[in-house]
Amino acid sequence: DGDVWSLYDEISECFAAGTGALLDALAADSDAEVLLSTAVTRIEERGDEVVVTTEAGEEMRAAAAVVSVPVNTLQGIEFDPSLSPGLARMAREKHAGRSLKVWALVEAFPEGLLALGFGTPLQWLSAERVVPEGTLVVGFGHETAGLDLGDQRAVEAAIRVYAPDARVLAVDAHNWVDDPWSKGTWLAARPGWVTEGLFDGSERRGRVVLAGSD
């Protein structure tokens with residue numbers, strides 16, 4: 001609703017066993033076959049069915065398909081019929097989301113700290129939750145900052161820009177930009193995408209439907 005405080009109000013509760021527990025429960029409840037690390041190269045509508053072809057050449061058929069891959073991976077899939085002009089352009093240009101995100105378990109971190117910076121390794125840093133071992137802290141920055149998320153000392157130095165007494169006990173992060181299944185972070189629309197109406201009418205009609213957070 002355009003309310004910055006909803007960023008916290010809407011994520012105040014967490015899954016006790018992590019979001020993976022939700023995925024496992026959904027998969028079990030659906031009784032579906034789950035194929036991981038299976039790249040799709042082609043999605044074709046043929047009359048009353050959809051044929052999905054994998055990189056290995058295997059074909060799977062269904063009455064319909066829901067495609068929820070990130071925008072930046074769409075170009076690697078051939079669609080027949082083709083994507084709408086707006087989606088085709090987004091797939092070709094790719095969105096600009098190239099940030100980094102890191103979680104850290106920190107000692108001596110100020111309670112409730114929310115920090116913003118510019119020209120710093122991390123441009124956003126916030127205390128998310130206090131646990132027995134310390135404080136869970138999340139930080140965001142741009143990839144051009146050159147912060148090595150696998151270097152605990154470098155992450156500690158980046159956090160100490162805002163909290164000089166902080167001691168980092170552990171870090172965890174994932175490089176979504178270089179991940180072949182995402183090729184970017186959350187969607188950051190390029191100039192013209194919104195004003196030129198690329199998102200309007202981008203949902204497919206027929207047996208293939210585009211979904212996903214992007």
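Within 6.0 Å of atom CD in E55, 12 or fewer heavy atoms from other residues, nucleotides or ligands are found, so the atom counts as exposed in its surroundings. By the 6.0 Å contact criterion, CD on E59 is enclosed, its count of non-hydrogen atoms from other residues, nucleotides or ligands being greater than 12. The 12-atom threshold is not exceeded at CH2 of W176, counting heavy atoms of other residues, nucleotides or ligands nearer than 6.0 Å. Within 6.0 Å of CZ on R46 lie more than 12 heavy atoms contributed by other residues, nucleotides or ligands.
Atoms CZ and CE, on R190 and M90 in that order, are 12.5 Å from each other to the nearest 0.5 Å. Of the inter-residue distances, the one linking D214 atom CG with S182 atom OG reads 10.0 Å to the nearest 0.5 angstrom. In this structure, the separation between OG1 on T185 and CG on N175 is 10.0 Å, given to the nearest 0.5 Å. Remark: T53 OG1 to R61 CZ distance equals 8.0 Å, nearest 0.5 Å. Taken to the nearest 0.5 Å, the CD atom of E58 stands 11.0 Å off from the OG1 atom of T41. Note that the CD atom of E107 and the CD atom of E133 stand 10.0 Å from one another [nearest 0.5 Å].
A salt bridge is absent between E45 and R207; no separation between the charged side-chain nitrogens and carboxylate oxygens falls under 4.0 Å.
Hydrophobic clustering (ILVMFWY, side-chain heavy atoms < 4.5 Å, transitive): V177 and V71 are in distinct clusters. Grouping the Ile, Leu, Val, Met, Phe, Trp and Tyr side chains by contacts below 4.5 angstrom, directly or via other members, places L210 with V194. One hydrophobic cluster, built from ILVMFWY side chains closer than 4.5 Å, holds both W186 and V138. In terms of hydrophobic clustering, with Ile, Leu, Val, Met, Phe, Trp and Tyr side chains grouped at heavy-atom distances under 4.5 Å, V50 and V67 are assigned to a common cluster.
Distance alone, capped at 3.5 Å, is enough to place a donor-acceptor pair between the N72 side chain and the K183 backbone.
Considering only heavy atoms from C-beta on, V137 stays 4.5 Å or farther from L113 through its side chain. The side-chain heavy atoms of R92 and R89, taken from C-beta on, include a pair separated by under 4.5 Å. V161 has its side chain out of reach of L125: every pair of non-hydrogen atoms, C-beta onward, lies at least 4.5 Å apart. Between I159 and L122 the shortest side-chain heavy-atom distance falls below 4.5 Å. Counting only heavy atoms from C-beta outward, the side chains of L114 and W124 approach each other to under 4.5 Å. Taking 4.5 Å as the limit, every side-chain heavy atom of V106 sits out of range of all side-chain heavy atoms of L169.
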### Task
I would like to know whether T120 and Y162 meet side-chain contact (heavy atoms from CB on, under 4.5 Å); could you show each step before the answer?
CA-CA 10 Å; T120 52; Y162 304 103; 2.9 Å; yes

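Every residue was checked against the side-chain contact (heavy atoms from CB on, under 4.5 Å) condition with A62, not counting sequence neighbours, and none meets it. Taking W103 as the reference, nothing meets the ring-ring contact (aromatic ring centres under 6.0 Å, His included) condition, with sequence neighbours excluded.
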Hey, can you pull the donor-acceptor pairs under 3.5 Å for the side chains in residues 15-36, sequence neighbours left out?
{"unit_1": "S30", "atom_1": "OG", "unit_2": "L26", "atom_2": "O", "d": "3.4"}
{"unit_1": "S30", "atom_1": "OG", "unit_2": "A27", "atom_2": "O", "d": "2.9"}
{"unit_1": "S30", "atom_1": "OG", "unit_2": "A32", "atom_2": "N", "d": "3.1"}

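Heavy atoms only, all atoms of each residue included: A188 and G97 are closest at CB-N, 3.6 Å. Nearest heavy-atom pair across V155 and L147 is N-CD1, 4.2 Å. Considering every non-hydrogen atom in both L83 and A88, the closest pair reads CB-N, 4.1 Å. When every heavy atom of S126 is checked against every heavy atom of E128, the shortest pair comes out as OG-OE2, 2.7 Å.
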